[in-house]
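Reviewing the structure listed below.
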Number of protein chains: 2
Amino acid sequence: MSEQMKMTDPAPSWQDVLIELRKIIRATDLQSKRVVKSCGLTIPQVMVLRAIKQLGDVTVKRISDAVSLSQATVTTIMNRLEERQLVERIRSNTDRRIVNARLTVSGDQVLETVPPLLHEAFIHRFESLESLQQQHIFSSLQQVAGMMDAESLDAAPLLDIAAPTRERTDK
Amino acid sequence: MSEQMKMTDPAPSWQDVLIELRKIIRATDLQSKRVVKSCGLTIPQVMVLRAIKQLGDVTVKRISDAVSLSQATVTTIMNRLEERQLVERIRSNTDRRIVNARLTVSGDQVLETVPPLLHEAFIHRFESLESLQQQHIFSSLQQVAGMMDAESLDAAPLLDIAAPTRERTDK
DNA sequence: TAATAATAGTTTGAGTTCTAAATATTAGAA
DNA sequence: TTCTAATATTTAGAACTCAAACTATTATTA
């Protein structure tokens, strides 16, 4: 760990940050295409399926919170999943506004066949890093996500976000 | 500000990483909508415009390299920009396969009015971090982008794995 | 010269993603 | 009861995004 890096590394501008974010977004997209080829589902579709499996019968709203997508997006994804009969929609009896999502048997089976959502090489690389290093990276991602978060952006201009905020209301 | 990483933080799994990436992608998307409202252009459109301004008359291919988007995507973005007469397409005389993009006067003007592509609060936060901290974050993003990069994934240098070789019975 | 390959861009088709508007339902108040 | 507000979800509309197929053009070769 050298601290000599400074002269070759001037403080990065947010422009540089933007470029790296673009690369990450693109790579994620490309991986999604790979996953589609391998199992017929996109990454968001898998994430929704997994959320349903994990949470049991859930509303669209809870799913959208869990996977960080808007309600509308979850609905369109659900439409496709329902077409393929991987999930069912079940209206609540007590409150008929509510729609609960439930995995079908084949939905559950399909989940078994899904490859990792990040390239295996990525996972391998990531997991072969030292734990401390992993935490650094993860914490940086959390910080970036936190700094970009719309709600906190409106709410707290000068929040101390240096510390990854856990313990929110999450589930 | 050193003690916040409690030891209740076990090594993060790649699943956790994926969630953070989602948040970042979503936040970027939301910011794009904000930018649209403010200046009528999306972030990718601005990025293409800037690349053209920066590089002078450029081919679609060079733009797509510069902004990390596929050629096809750049084409569709160019279509919209051309409709609004922010860019022109100019076929090369020497090689008529080649199309050069050029900013129009109004394209150049519009660029002046574009707000920052990351939320100002984000920029402010990021820039108020210590330089070392900025570098940490930036370098983490670079690492993630690098680990995810498709080409390097194929090359996969540090793979001496007992990788689960999945057998492919079909397709 | 004609056939073939290589290159540059565009179109097509499928999917994701958002906001805003629309729909349906429930709960509370006049 | 009926009106209104709040809640849960869906639809409509617009962009982005990619791979793959397609068009047009240039270069190479027989």
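Naming: A, B, ... by sequence-line order, numbering from 1 per chain.
- The closest side-chain heavy-atom distance from A:L141 to B:L21 is below 4.5 Å.
- Side-chain N/O atoms of A:K37 include one lying less than 4.0 angstrom from OP1 or OP2 on D:dA20.
- When the P atom of D:dT17 is taken as reference, atom CE of B:M78 falls 15 Å away, rounded to whole Å.
- B:N79 has a side-chain polar atom (N or O) that falls below the 4.0 Å cut-off from OP1 or OP2 of C:dT11.
- In this model, the phosphate group of D:dC18 is approached by a side-chain N or O of B:T73 to a distance below 4.0 Å at OP1 or OP2.
- Here B:T59 lies in heavy-atom contact (under 4.0 Å) with sugar-phosphate atoms only.
- For D:dC16, the OP1/OP2 oxygens have a side-chain nitrogen or oxygen of B:Q45 closer than 4.0 Å.
- The side chain of B:K61 approaches C:dA8 more closely than any other nucleotide in the set D:dC18, C:dA8, C:dT19.
- Following rounding to the nearest Å, A:L30 (CG) and C:dG15 (C1') show an atom-to-atom distance of 14 Å.
- Looking only at side-chain heavy atoms (C-beta outward), A:M148 and B:H119 stay at 4.5 Å or farther from each other.
- In this structure, B:I43 atom CD1 and D:dC16 atom C1' are separated by 12 Å, rounded to whole Å.
- In the set C:dA8, C:dT10, C:dT17, the nucleotide with an atom closest to the side chain of A:I77 is C:dT17.
- If you measure from atom CD1 of A:I25 to atom P of C:dC18, you get 12 Å, rounded to the nearest angstrom.
- Where B:T75 and B:R26 meet DNA chain C, the nucleotide closest to each residue was compared, and B:T75 sits on the side nearer the 5' end.
- Closest to the side chain of B:R80, from the set D:dA19, D:dA15, D:dA12, is D:dA15.
- At whole-Å resolution of the value, NZ in B:K23 and P in C:dC18 are 14 Å apart.
- B:R22 has its side chain within reach of A:I43: a pair of non-hydrogen atoms, C-beta onward, lies under 4.5 Å apart.
- Of the residues near DNA chain D, A:R91 and B:S68, the one whose nearest nucleotide (by heavy atom distance) lies more toward the 5' end is A:R91.
- Each of A:L69 and A:N93 lies near DNA chain C, and the nucleotide nearest A:L69 is the one positioned closer to the 5' end.
- For a distance-only test at 3.5 Å, the side chain of A:R97 qualifies as a donor-acceptor partner of the base of D:dT7.
- At C:dC18, none of the side-chain N or O atoms of B:R34 fall inside 4.0 Å of OP1 or OP2 (strictly under the cut-off).
- Contact annotation: A:R89 reaches the phosphate of D:dT10 (side-chain N/O to OP1 or OP2, under 4.0 Å).
- When the P atom of D:dA8 is taken as reference, atom CG of A:N100 falls 12 Å away, rounded to whole Å.
- When each of D:dT25, D:dC16, C:dC18 is scored by its nearest atom to the side-chain atoms of B:K33, the top-ranked nucleotide is C:dC18.
- Side-chain contact between B:N100 and B:R91 is absent, with no heavy-atom pair separated by less than 4.5 Å.
- Under the 3.5 Å distance criterion, with hydrogens and angles disregarded, no donor-acceptor pair is assigned to the side chains of A:E130 and A:Q135.
- The separation between A:I90 atom CD1 and D:dT9 atom C1' is 16 Å, rounded to whole Å.
- The base of C:dT25 is not paired with the side chain of A:R96 by any donor and acceptor separated by under 3.5 Å.
- The shortest distance between the side-chain N/O atoms of B:R22 and the OP1/OP2 oxygens of C:dT17 is below 4.0 Å.
- Phosphate proximity of C:dG15 to A:T42: absent, as no side-chain N or O sits under 4.0 Å from OP1 or OP2.
- To the nearest angstrom, P of C:dT10 lies 12 Å from CD1 of B:I98.
- Looking at heavy atoms from C-beta onward, B:M147 lies in side-chain contact with A:I137 at the 4.5 angstrom threshold.
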